[in-house]
Number of protein chains: 4
Amino acid sequence: MDIFLAGKFIQTSRLLEVKNPYNGSLVATTFQAGTSELESAVAVAVAVKSELRSLPSYRKYGALMHIRNRLSERRDEFARTLMLESGKPLRYAFGEIDRSIQTFTVAAEESKRLPSEYLSLDWTPAGERKEGLVKYFPVGVVAGIAPFNFPLNLAVHKLAPAIAAGCPVIIKPSSSTPLSTLLLSEIIAETGLPEGAVSVLPMDRETGNRLVTDPRIALLSFTGSPEVGWRMKAAAGKKKVVLELGGNAGVIVAESADLHNALRKCLTGAFSYSGQVCIHTQRIYVHRSVFDDFAAQFTRLVSELRTGDPALLETEFSAMIDEPNAARVEAWIAEAVAGGARVLCGGTRVGTMVAPTVLSGTTPEMKVCGEEVFGPVVTLEPYDRFGEAVELINGSRFGLQAGIFTNHLDEINLAFERIEAGGVIINDVPTFRVDHMPYGGIKDSGQGREGVKYAMMDMLEPRILVKEF
Amino acid sequence: MDIFLAGKFIQTSRLLEVKNPYNGSLVATTFQAGTSELESAVAVAVAVKSELRSLPSYRKYGALMHIRNRLSERRDEFARTLMLESGKPLRYAFGEIDRSIQTFTVAAEESKRLPSEYLSLDWTPAGERKEGLVKYFPVGVVAGIAPFNFPLNLAVHKLAPAIAAGCPVIIKPSSSTPLSTLLLSEIIAETGLPEGAVSVLPMDRETGNRLVTDPRIALLSFTGSPEVGWRMKAAAGKKKVVLELGGNAGVIVAESADLHNALRKCLTGAFSYSGQVCIHTQRIYVHRSVFDDFAAQFTRLVSELRTGDPALLETEFSAMIDEPNAARVEAWIAEAVAGGARVLCGGTRVGTMVAPTVLSGTTPEMKVCGEEVFGPVVTLEPYDRFGEAVELINGSRFGLQAGIFTNHLDEINLAFERIEAGGVIINDVPTFRVDHMPYGGIKDSGQGREGVKYAMMDMLEPRILVKEF
Amino acid sequence: MDIFLAGKFIQTSRLLEVKNPYNGSLVATTFQAGTSELESAVAVAVAVKSELRSLPSYRKYGALMHIRNRLSERRDEFARTLMLESGKPLRYAFGEIDRSIQTFTVAAEESKRLPSEYLSLDWTPAGERKEGLVKYFPVGVVAGIAPFNFPLNLAVHKLAPAIAAGCPVIIKPSSSTPLSTLLLSEIIAETGLPEGAVSVLPMDRETGNRLVTDPRIALLSFTGSPEVGWRMKAAAGKKKVVLELGGNAGVIVAESADLHNALRKCLTGAFSYSGQVCIHTQRIYVHRSVFDDFAAQFTRLVSELRTGDPALLETEFSAMIDEPNAARVEAWIAEAVAGGARVLCGGTRVGTMVAPTVLSGTTPEMKVCGEEVFGPVVTLEPYDRFGEAVELINGSRFGLQAGIFTNHLDEINLAFERIEAGGVIINDVPTFRVDHMPYGGIKDSGQGREGVKYAMMDMLEPRILVKEF
Amino acid sequence: MDIFLAGKFIQTSRLLEVKNPYNGSLVATTFQAGTSELESAVAVAVAVKSELRSLPSYRKYGALMHIRNRLSERRDEFARTLMLESGKPLRYAFGEIDRSIQTFTVAAEESKRLPSEYLSLDWTPAGERKEGLVKYFPVGVVAGIAPFNFPLNLAVHKLAPAIAAGCPVIIKPSSSTPLSTLLLSEIIAETGLPEGAVSVLPMDRETGNRLVTDPRIALLSFTGSPEVGWRMKAAAGKKKVVLELGGNAGVIVAESADLHNALRKCLTGAFSYSGQVCIHTQRIYVHRSVFDDFAAQFTRLVSELRTGDPALLETEFSAMIDEPNAARVEAWIAEAVAGGARVLCGGTRVGTMVAPTVLSGTTPEMKVCGEEVFGPVVTLEPYDRFGEAVELINGSRFGLQAGIFTNHLDEINLAFERIEAGGVIINDVPTFRVDHMPYGGIKDSGQGREGVKYAMMDMLEPRILVKEF
């Protein structure tokens, strides 16, 4: 599959093989961009800035709705490609395609609704008969670095807002999972967007680092690991940096919770795509009065998960992205067990397949609690007072989202007031996200927000016109 | 006390005596405007429209903050005047002055924040390179008709937004309680507002009706009884009409409620200023499991209310505005009792003093339930299911506000989704109001909203400027 | 063609023949609803209110986008039907269909963006730890009365916002031009909207008047003549009334104007659809220094208009809607000439065909100046100072839109500050409108605004939830 | 004068002498904080975070209005102190105090208007019956580093928004001009704000650098030189950084400009406070047709500036902050002259007094054009086409504000669309600023915006509550 350089499909001398994480079979061969291809992409992006800035909104809307419509038409093909490159069960792959369709829909609508503000300036005699109009202009070239776990939709969360905001954009997909985004390039090429508005270039990390340091790039939007992300911020020079990093999201199941709902949601939150999700449900705190009941039912549900080939629509659980990651998760489980944790179910590994694992008796210092496990592991612990559970959630260097199952207003208020996170989700897991809501973390989980309109805000900068009236 | 005609204090041939409802003593003598004074006020208001429209916001802000500051300085005098003319216990009179101070503060701030909107118009090729700026301009002369029950603050809710919006305004205070608003005129006259920006004119009803029919008046804002209000709407010609009418507001006390809080709030909601409040707590529905407890404690609290001379700071309960109204309430109680209702406490009358009355065993058809009692009467009934209580609240031709005491999210959601009213107040009585929140009713309770910014919206009209960019 | 009663296509005993205004040929036969059909429509609309109110936004969006997409597919058929029933030249009929497509697109997007507001209430101790959430709920059943001149799009400007807001809607199209709206019903019937959400019922005026007086209808939106509109407001009882009436819109062509642009735009503004447009360019004021040049070129352009059968794509100008209206226009021209006006071109009539007419030497008292001509007549007069031209524009009982051709900021500012109208259009005619901008008049031209989001605001009412946080 | 450490006035072992730049006399002696004092301030600030976050808005409003009112009362004393420490002519010192009063007023109002957002989440079935409420929470401890040129108001632009947002704040004033901000501490200490909410600590640069690197500080807001600012961004770790740096702001005087207005505004823009202003008018481009006229009148006006002791109210022009800066400006003038520039007036220096200087015949490479001169020097050059002048403005690494004198809409549009700056000011100099407008630069001039509400946005972070409805 060719790569997409400023409106043209090209090949390079650097082959990139993409393999199915479930069975190791070759899915497709594509290419990596080198420094000269990247230089071309940046140069053309710079050249096309002013044309893009002046594009009327109906043309941006038209292009984004075209992408949305064509993605709907080719939904099966995209889902299958995504499943093959990522090992994500087909049912979830379809879900991701549907979310990408929605992300483009929202971006199309928001392209017509750029922020703006009218200000009366005559609040003092100095501004008498003066008024201000604040409009927002595109910042310039955007670079987006996307991860493997939502290979399409997390790239789209950079690409679609950039088009809507009028910024040229260069996407570096994960080298493990570049195919669905490259497939999307075919659709992008059908639109009337100027060449250079979009490039999709797989690259090795060294080449990709130029996106961090190149001063011609105005904004870097990175989704990935905390360590890499924060290092990028320090090296980014004058450019803006948006970091969507990970976490160890927690859930509280209170006494008044609808247990059936909580169980069902936690099952998906903990194990969909083997927990390789930024807002993976990693820690569950259950009120002691319902803990045993919850634990028993939860482990039963986990044991009933349909495991196997992601290509089958009935499969609910499958492989991790690669063996090093699977081995790391296995080691973290072992560390927890060595420290006194009990395995309620799972805990084993075969190749890239780590069994869905529930631990209890853990402590905050264990990696399965305190670090981002990014694998099919969840801890289950009882609590006595709601405030105590809130403290447990907060006892983490991360702060992405949290989930609270309760029917009590006072607990909801306490949770929202106190929990240090970008989002507090009532009666659902922290794993809940729809594509137009503001999404992102505080503390070590990142800075800035995605969710189309919010991502666009960082891609725009205000300019005030002051005039008489 | 002179009346305030377009910046001048004048006397007329029509004397108006204001008496203390508690003891019938003469408080002060003032005057009623006749048709010629009203004609002057309207003519000057029309003449001053364009000057007011062009006033820079710092001058409107300055005038409104001046009023606010001077009202603070003269707080005691205003509270005492208001107590004397209305019979409102002094403690509540102070509360009303403080609210008027706040209403002016908010109006000062909002005078700098008129709404406006910038629109990109290039959503289709027809609007390519065109943009729209929507600004809001004052509608013209505003007439405000205020009631006796909050003689100052409900006049201020028309007057302050009008100044903030840049509209000339003519206030007709209630003939029973014109003094505090006339006192306010003294402060208004100290500001630099152009003469004619404000008039405060007591009038008889016939003269006042010209405010309804005069085509030079752009907006009529009426607070008073439903019958009068809706008749005005039909007679108003092309002008806009805002109606803040009454209701028979209900409360639900659910099983999970904090009873102590509910009791304390219901006591004030039902009996402050003898229930002569638009959002008076008239009907209380208590979950059957806590009904007896609630009823016992509530009647005890009612019996402990400190009753007497409104001039004393400790007095919590005093007279109604006049004897005809007191007699009407007495008759409604009698009708209920005749229909089978029980009197848990109160039920008696001496002159203008109706004892604080709690009834139970009522039916929706009784006037104390179905009509606006506007007196110190509350009904107390048990319910079994929350949804049933919501239906009881809705079984009324009115819809102003409702209060719900509960800690359960599902009940809050149901109440907000279903209750047909302008406001649903959780863990407080329907009588709750702060002066910057949108306040007003649906169904027979009125149309339009007050609460400074919302009142201003009706006093402004949009104009779009379309231009190239 | 059957009519559309609450999801069903029906026939009645009252035949309605629709004829082509250009040649009088029968276009189609349809039916009028009687009082029993109207009663059914209202009853079902009332019954379906709560279901519609709870419809999730994705379902409203889905229905509106379905209509939009199907209207695109059937664009030719709709344009031809519209041309036949109205006599509107085909090129403009296509334009109207395209605008209706856009109106539905915008409504789809706005259905997801209902207004809402969060308020901190702790501005005084009375509101400590309280907050308010203002959501907007559908008002109930909407009645829309549409005119003949934009038979589809002006019905859609009531229908699409009603669906987006969640209100059941009953449309009464003009009896001259019901066909395109009935055709639209076929598409509406394909959506999953509940039966009763939409009815399209041609009616005679007497039956239609029940829409004005029926208390079950919460909002009446009328587009039509000022006389009828204002009478409806007085008879409407407690319901809200939106009036989109007419005007005698004016244009100023200043010395600095781009004459080529001004001429081209004025030609279309004055004569498209024979001037039967609410914002028809009726009065043109040209700076004296360029008046002769403008007048000469303008009359030449008018004489070059391609006149004839509206069914031909090249036709630019055709018949008026019926002979009584054409005769009225002829009489008004005669009155002007008798009063001293000169006919620069046109002035003649054959049947429904009134030649495009330019008058000069008119006075404000002549009907062609002071009343709404709603026909192919424009007056052309010189002015000396810009402020004088603004006064001429304002010397009218109407105030819909005005157009200003100038490059000078001070003139733009003066025009926007002073011109009494709902819109001031720079470097374009008052006839300019895109479907998402706020559109509507002041003075005798109406009350309320259309333009999808603005129309929706009137179909929604606020409800505040006050709670602790 | 003592320094202000977390609510207490203290002295340290490090004396700091503040001298009058005009005559070198000692104004006052104060102190520098060392690392232990700074550590205390940070520790107390961290400890007080949660108390401040929960402060009801009426208490923040009360504190800010108290400061505003007391500053008004002590206006003379503050102006005199500011004049003495900075050498700013008294007339401008009064202006700065008035602006600080306004900054606090706006902050008081905005403390009640924190942003928030309600989102319907049911745009897809995944969000059915879910809604989101986005509230903004204080980020944590804010550090503000203020410059010498507006010693009070630029500190207030960090301090007042921090209080309004609920963030503890530590201000490092310039070591040259700490007195007015320390005086303000006396007023702050009178409010009921918790101790530790505000510290004002003069420090040497090394100590101050801890504000950049300390991870407990969540946001650094720096106003100062570009070199220092960008270095701070790289060293700031995970904290947010707002940079308000300098520029070389340009003005265009077009053919249609009101010359009288342009001359008068340019005189102030170029020479108030000896050009030591971030948005100092440094480059003036005049249309060739009016250039000679403008140049002649401008140099005459410059020669008439009343120069001398800043303590006299009539003085319009006085000393620079210190001799090294004055010498630097002298050298830059010399470099320009050596390169061929002509001195139209000024060009001389005596001690800290550099004569107001107008140069012509300069080239973009000269420091007086291309760098930030931050002194009383302005260049005056002719241009032929408006687009060419826009290019000259943009030919700079800075982009703060620009001023355009013109009456032509097309030129205004071109300027706003093309000029790369944070603000484009029509018919005024780039030096125009009112305290509630968004103010800040792009390119090397900084990142982020001040202007109370905008500064607050960076001091707040969003948190979404997702719940059922």
Side-chain angles (χ1 to χ4, degrees), chain A residues 53-62 65 108-137 164 166 254 256-258 261 404-416 426-427 462-465 467-469, chain B residues 53-62 65 108-137 164 166 254 256-258 261 404-416 426-427 462-465 467-469:
Chain A
R53 190 186 58 205
S54 302
L55 224 52
S57 64
Y58 70 87
R59 286 196 49 207
K60 295 191 285 189
Y61 176 84
M65 287 301 276
E109 294 166 8
E110 295 299 332
S111 72
K112 301 189 288 192
R113 293 172 170 82
L114 297 198
S116 65
E117 200 172 353
Y118 172 85
L119 288 174
S120 70
L121 298 182
D122 61 357
W123 295 16
T124 59
E128 186 151 358
R129 295 206 71 74
K130 280 191 156 62
E131 60 186 7
L133 174 64
V134 185
K135 287 173 69 171
Y136 286 74
F137 293 80
S256 65
D258 171 346
N261 180 46
I404 314 292
F405 290 88
T406 180
N407 190 32
H408 285 179
L409 178 62
D410 53 2
E411 292 180 346
I412 294 170
N413 285 343
L414 186 74
F416 189 42
I426 305 303
N427 293 327
R463 185 180 304 162
I464 186 169
L465 179 74
K467 58 181 268 304
E468 302 116 319
F469 65 90
Chain B
R53 190 186 57 207
S54 302
L55 225 50
S57 64
Y58 70 88
R59 286 197 48 207
K60 295 190 286 187
Y61 176 84
M65 287 300 276
E109 295 166 6
E110 295 299 333
S111 72
K112 303 188 287 192
R113 292 173 169 82
L114 297 198
S116 66
E117 200 173 353
Y118 173 85
L119 288 173
S120 70
L121 298 181
D122 61 356
W123 295 15
T124 60
E128 185 152 356
R129 296 206 68 76
K130 279 191 158 61
E131 61 186 6
L133 174 64
V134 185
K135 286 174 68 172
Y136 286 75
F137 292 80
S256 65
D258 171 344
N261 179 47
I404 313 292
F405 290 89
T406 180
N407 189 33
H408 285 179
L409 178 61
D410 53 1
E411 293 180 346
I412 295 170
N413 285 343
L414 186 73
F416 190 43
I426 304 304
N427 293 327
R463 186 180 301 161
I464 185 169
L465 178 74
K467 56 180 273 301
E468 303 115 319
F469 65 91

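Below, chain A is the first sequence line, B the second, and so on; all start at residue 1.
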Query raised in the report: How long is the span from the CG atom in B/N407 to the CD1 atom in A/I412, to the nearest 0.5 Å?
Result: 8.5 Å

Query raised in the report: Judged by atom type as modelled, is there a donor-acceptor pair below 3.5 Å linking the side chain of A/D122 to the main-chain atoms of B/S57?
Result: yes

**Report entry** Reported CG-to-CG distance for the pair B/D258 and A/D410, which is rounded to 0.5 angstrom
**Finding:** 10.0 Å

**Report entry** Interface moiety of A/I426 toward chain B, non-hydrogen atoms closer than 4.5 Å
**Finding:** side chain

Query raised in the report: Where does A/L133 contact chain B at under 4.5 Å (heavy atoms): side chain, backbone, both or neither?
Result: side chain

**Report entry** Contact class of A/Y61 relative to chain B, heavy atoms under 4.5 angstrom
**Finding:** neither

Query raised in the report: What part of B/K135 lies closer than 4.5 angstrom to a heavy atom of chain A: side chain, backbone, both or neither?
Result: side chain

Query raised in the report: What distance separates A/Y58 OH from B/S120 OG, expressed to the nearest 0.5 Å?
Result: 12.5 Å

Report summary line: Whatever's closer than 4.5 Å to a heavy atom in chain B on A/P125 counts as both

Report summary line: Turns out that what part of B/E131 lies under 4.5 Å from chain A's heavy atoms comes down to side chain

Report summary line: Under 4.5 Å to a heavy atom of chain B? For A/T124 that would be backbone

Report summary line: Rounding to 0.5 Å, atoms CD (B/E117) and OG (A/S116) come to a distance of 8.0 Å

Query - Pairwise distance CG(A/L121) to NZ(B/K112) - rounded to 0.5 angstrom - result: 12.5 Å

